[in-house]
Structure formats: C-alpha cells, structure tokens
> 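Pasting a structure here, questions to come.
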Amino acid sequence: MLLPQSFYNRSTLKVARDLLGCFLVRRLGGKTIKTIITETEAYHGPRDLASHASRGKTPRNEVMFGPPGIIYVYFIYGMYYMLNIVTGPRDYPAAVLIRGLTPIEEGNRFLNLAGPARLTKALSIDKSFNKLPVFTKKHGLWIEARKIEVKPSQIKRAKRIGIDYAGPYRYKKWRFILKKEG
DNA sequence: ACGATGATGAAC
DNA sequence: TTCATCATCGTA
C-alpha cells in the first residue's frame, strides 16, 4: 500500500523514524526492485545548520520549501546523487535523506544499497527525479507502508554523517538505523 | 589518508 | 567571474 502524501506532512524526525521498515520500490526497465528502508537522516527545518535550507531558499534547495512527499535529489562531490523526501508543511524546509536500503528479492541480493550514493547509483536515481512525488507509482519510484512490525528496540539513533560544520547541530541524533533484532 | 570530479552559492 | 566547499566512496 502506498504511503499517502499526508504521511510526510509531519515532523521530519517522525517521518525519518517511521520510514524504517517501509518499502522503497523502483520500476526499472520492466523489472520492479523492492527494497526495505534501513537507514535515514532527518534535516530538520530552517535552523538546522546541517540542512541546505539553513541559508535560505536557493535554486537547488527550493523543493525543500514546497509540499511534503516530493523528491529532492541533488548532486554532490562531482559524482553522486542523494535521495531525499521533503517533509512537513509548505514553506517549512525539511527533508529525510535515504541512507540505506536492503533488497528483498533473492535475485537482487547483489545490489549494494548501503550508503546514500551507492543506492542512487544502483537504482539509477538522478536529478530527473527532483520535484517528483513519491506517493504515486507514476514515475517509477515510490514508497509503500510496512508489512511487518518494527519494535522501538530495533531502532538505533545516531549522529548524522558528514556534517561536522553544523555547529551544535552536528551532535543531534537525527540518524535512524533499523536493526534486525531488538 | 586521500583523490576523484563538477555543481553550487557566496564573495568579489 | 572566481573559488572554496561539499548530507561520498573506493582505493590505499
């Protein structure tokens, strides 16, 4: 079942946590690759110095200021794409970075989906997905609700990666990791 | 520990 | 127009 747009119209931290265990699905060349979301990071509003939005709206980050459930893809380090989902109401800039996935079907076991740049490369996600909704199957990339229960003890919180410049915000435990056992 | 590799945004 | 920076990864 598709997660509705309203799912994303909540606190970034809650969305980041609740996305763990949900399914990220990619329709690619006649095949459907189904994965479980296993790691996320929250970029939480205009004051979060780790967030692209902390210095106001720019051509790159303007999608973060738009409605929830929209994909924000940006290019980084000259070679990688990062996949984010916009959260919260319009004009409140926030998003969840997808950092890790686990493939479900045996045939896709070889896919290396650990790491935000690796997963976009493996699933052929680039800037053409920027500004597209993730609550519809129309564009070949969507998110479905959990089918299994995720216990609070299975969720590990940690500091975010690669944002040491973010002052006090570098210590926020806004990274969420799904563990197999609680 | 570091280089690859180019878009981005801020300064000038 | 220039320039430092960058929500990373692979190789060492």
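Each chain gets a letter, A, B and so on, in the order the sequences are listed, and its residues count up from 1.
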> In whole Å, I'd like the distance from the OH atom of A:Tyr77 to the P atom of C:dT11.
18 Å
> Please confirm whether the shortest side-chain N or O distance from A:Tyr165 to OP1 or OP2 of C:dA7 is below 4.0 Å.
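Affirmative; the distance criterion is met.
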> What is the distance, rounded to the nearest whole Å, between atom CE of A:Met79 and atom P of B:dA4?
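Answer to the nearest Å: 9 Å.
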> Contact class for A:Lys127 (heavy atom, under 4.0 Å): base, sugar-phosphate, or nothing?
sugar-phosphate
> Is the ring pair A:His44/A:Trp174 parallel, tilted or perpendicular, if the boundaries are 30 and 60 degrees?
perpendicular
> What do the steps show when you test A:Trp142 against A:Thr136 for side-chain contact (heavy atoms from CB on, under 4.5 Å), and what is the final call?
CA-CA 6 Å; A:Trp142 66 91; A:Thr136 165; over 6 Å; no
> Write down the partner of C:dA7 under the Watson-Crick or G-U wobble criteria, each distance required to be under 3.5 Å.
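Result: none.
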> From the set C:dA7, B:dA7, C:dG10, return the single nucleotide nearest to any side-chain atom of A:Met64.
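Side chain of A:Met64 sits closest to C:dA7.
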> Has the side chain of A:Tyr74 got a donor or acceptor that lies under 3.5 Å from a partner of the other kind on the base of B:dA7?
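When only heavy-atom distances are counted, A:Tyr74 does not reach the base of B:dA7 through any donor-acceptor pair under 3.5 Å.
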> Mark yes or no: A:Lys147 above the aromatic ring of A:Phe23, with NZ or CZ under 6.0 Å from the six-membered ring centre and no more than 45 degrees from the axis.
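Yes; both conditions hold, so A:Lys147 lies above the ring face of A:Phe23.
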> Heavy atoms under 4.0 Å, any strand shown: does A:Ile76 hit a base, just sugar-phosphate, or nothing?
base
> Heavy atoms only, 4.0 Å cut-off, all strands: where does A:Tyr80 land among base, sugar-phosphate and nothing?
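Base contact - A:Tyr80 has a heavy atom under 4.0 Å of at least one base atom.
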> Considering Watson-Crick and G-U wobble pairs with both distances under 3.5 Å, what does B:dT5 pair with?
none
> Decide whether a cation-pi geometry holds between A:Arg17 and A:Phe176; the criteria are a distance under 6.0 Å from NZ or CZ to the six-membered ring centre and an angle within 45° of the ring axis.
no
> Do A:Arg160 and A:Tyr169 form a cation-pi contact, if we require the NZ or CZ to be under 6.0 Å from the six-membered ring centre and within 45 degrees of the ring's axis?
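No - A:Arg160 does not lie over the ring of A:Tyr169 by the 6.0 Å and 45° rule.
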> Please work out if A:Arg160 contacts a base, only the sugar-phosphate, or nothing of the nucleic acid, heavy-atom cut-off 4.0 Å.
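Touches nothing.
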> If the P atom of C:dA4 is compared with that of B:dG3, how far apart are they to the nearest Å?
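It comes out at 16 Å once rounded to the nearest Å.
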> Which comes earlier along DNA chain C counting from the 5' end, the contact point of A:Asn112 or that of A:Leu97, where each point is its nearest nucleotide?
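The residue closer to the strand's 5' end, by nearest nucleotide, is A:Leu97.
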> Any side-chain N or O of A:Arg99 less than 4.0 Å from the OP1 or OP2 oxygen of C:dT8?
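True: A:Arg99 side-chain N/O within range (under 4.0 Å) of C:dT8 OP1/OP2.
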> Need one value for A:Ala50: base, sugar-phosphate or nothing, where a base atom within 4.0 Å counts as base even if backbone is also close, heavy atoms only.
base
